Amino acid sequence: MNHSKDEIQSNDIMDENLNEILKVRHDKLERLRKEGKDPFKITKYNPTHYSEDIIKNFDGLDGTDVVIAGRIITKRVMGKASFAHILDSKGQIQIFVQVNRLGEEAYEDFKDYDIGDIIGVSGEVFKTKRGEISVKASEIVLLSKSLQPLPEKWHGLKDVDIRYRQRHLDLIVNPEIRRTFILRSKIISRMRKYLDERGFLEVETPILHSIAGGAEARPFITHHNTLDIDLYMRIATELHLKRMIIGGFDKVYEIGRVFRNEGMSIKHNPEFTMIELYEAYADYKDMMDLTEDMVATIAKDVLGTTVVTYQGTKVDLTPPWRRLSMIDAVKEYTGVDFNDITEDGEARDVAKSMEVEIEDSATWGVVLNSIFEEKVEEQLVQPTFIMDYPIEVSPLAKRMEEDERLTYRFELFITSRELANAYSELNDPIDQRERFLEQAKKRAEGDEEAHMMDDDFVKALEVGMPPTGGLGIGIDRLVMLLTDSYSIRDVILFPTMRPKE
RNA sequence: GACCCAUUAGCUCAGUCGGUAGAGCACUUGACUUUUAAUCAAGGAGUCCGGCGUUCGAAUCGCCGAUGGGUCACCA
């Protein structure tokens, strides 16, 4: 680590201004070092059990010696005997410490240990008079000194600013948040297993793109020094995964971070995790089957049920899920039948009469999509596939044979939120080039989210891509649903924050 | 980007009408060999988010700014 002079000086100044709690802890560390008990010199410890193992297998372990390690989270000294709770990665367990077991010097040292210190404890498993499974310490080793006080045990840490910026504190003092991240990990690994079992190949495609494509979004820009070029952080994995299909891999997927330089909200973080998968010779209906089966399978395996409660609302993920076209959805929820509307102007008039804001140049499809987003989306609480999106808003989806204005595309809505997006992929390179030109026109007119022209991708399509189904699922939103998390920041370990000062 | 709300001890929070800072936990000292938010006694701890202003006097009122949260806009 390199420290500038300024940093060293500012640390010195901080040392002088340490508050009482910090000063006491530094002094304790200093004393330990002088006595040759510097905890930071220890490199290795060998625990034999986790707290949870001991509690679950008490009958088998009662009376036997174990070695545990973890963080002191409570401490009650009662003269010549003490109790403390140790938090390890699987939970917590009480230790019982007596001077005549530990010895005078070791017991005095223990009394000086602070909440937050990491210790190793060896001792005998037993149950206290009050019936709590505990470890009777015969030896305690200080494995690391905590120089910062932990937030309070009873009220926990509530300040969301500190919780997100110093997630380690959140994880230590708010046990329920640990569950969310354990579930997140299980959800993702179950998803991998599901796809691997079905012959999908997991691949990794570049994050640095010279053209940011595959979605309509504003990208982050970064710079490569040696090449002296600006590069974009990817906004989707779509175009590279399709190249894999062209290259002859019939089933591929990537679970990866994508970056969109847009507003932040309860459902949006600038970097988020998506899975995209592509299957040759499949269509968007196959993607619907796969989506509902995969999500239901994950829910069942990870939560033990396909019925979940999200923020007080019961959501039934048991397949099959409702499927309806965008036109039917708009008809059902607003009474307006777009089958009967053919002219752009007529569509715009309908939007205006419903107080849906649209631009004067909006076409039939754009209006249909706007009315859907404004009037229907929020009502889709139970899982619903909305199918057959207008072509104007779907530059990468295959045009419907039955209706030139629409595409073979669906989005999945649960709890009024978009969770997945899928198409029968456009594999006609001539059509694709025209769609990109259309997008490039919008871009030239100032739409920063319009797709960039990508000649390399069109050229790849010209080599020939089989008919393919593609699907993208927002992992963070899926995790939110399955863990009943209110904000996307509650399922992202270190959400993007503005730096302090 | 716009609007609304919040910011007081390490943490969780009170703070009345503008009168000079409080509690619980945590911390320090002492007592206590089966406690459960241990208990008992004593003690220490503050840039009241920052700046400017109004005022005899500001945590409190006004303005500007910072950070966070919420709603909207944009998006997934």
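Just so it is clear: chains get the letters A, B, ... in the order the sequence lines come, proteins before strands, and each one is counted from 1. None of the values given here were measured: they were computed from a predicted structure.
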Item checked: Pairwise P distance, U12(B) and C49(B) [rounded to whole Å] -> 14 Å

key: Pair of N/O donor and acceptor under 3.5 Å linking U35(B) base with Q94(A) side chain   = yes

From CZ of F272(A) across to P of C74(B) the rounded distance in Å is 17 Å

*Is the shortest distance from a Lys or Arg side-chain nitrogen in E425(A) or K242(A) to a carboxylate oxygen in the other one below 4.0 Å?*
yes

Expressed in whole Å, how much space separates the C1' atoms belonging to A2(B) and G10(B)?
-> 36 Å

Quick check: any donor-acceptor pair below 3.5 Å linking the side-chain of S265(A) to the base of U71(B)?
no

Atom CH2 of W154(A) and atom C1' of C11(B) are separated, to the nearest Å, by 15 Å

Worksheet entry | Pairwise P distance, C40(B) and U35(B) [rounded to whole Å] | 15 Å

From CD1 of I358(A) across to P of C74(B) the rounded distance in Å is 14 Å

I21(A) atom CD1 is separated from C25(B) atom P, nearest whole Å, by 14 Å

Report task. Please confirm whether any donor atom in the side chain of E20(A) sits under 3.5 Å from an acceptor in the base of U28(B), or the reverse. Result -> no

Taking for P151(A) and for I115(A) the nucleotide of RNA chain B with the nearest heavy atom, the one nearer the 5' end belongs to P151(A)

_R409(A) NZ/CZ over Y389(A) ring centroid, <6.0 Å and within 45° of normal_ = yes

Using Watson-Crick geometry (N1-N3 plus N6-O4 or O6-N4) or G-U wobble (N1-O2, O6-N3), each under 3.5 Å, U7(B) is paired with A66(B)

### Message
Is the shortest side-chain heavy-atom distance between S416(A) and V381(A) below 4.5 Å?
### Response
yes

For this session: Pick the C1' atom in U34(B) and in A45(B), then give their distance to the nearest Å.
Result: 33 Å

Query raised in the report: Checking only heavy atoms, does the side chain of E152(A) share a donor-acceptor pair with the base of G24(B) at less than 3.5 Å?
Result: yes

Exercise. Could you give the distance separating A21(B) and U16(B) at their P atoms, to the nearest angstrom?
Key: 14 Å

- Any donor-acceptor pair under 3.5 Å between the side chain of E132(A) and the base of U36(B)? yes

Face-on cation placement of K136(A) at F96(A) ring, 6.0 Å and 45° thresholds = no

- Item | Under 5.5 Å and under 30°: F83(A) stacked on A38(B) | no

message = Is any side-chain heavy atom of H240(A) closer than 4.5 Å to one of T237(A)?
response = no

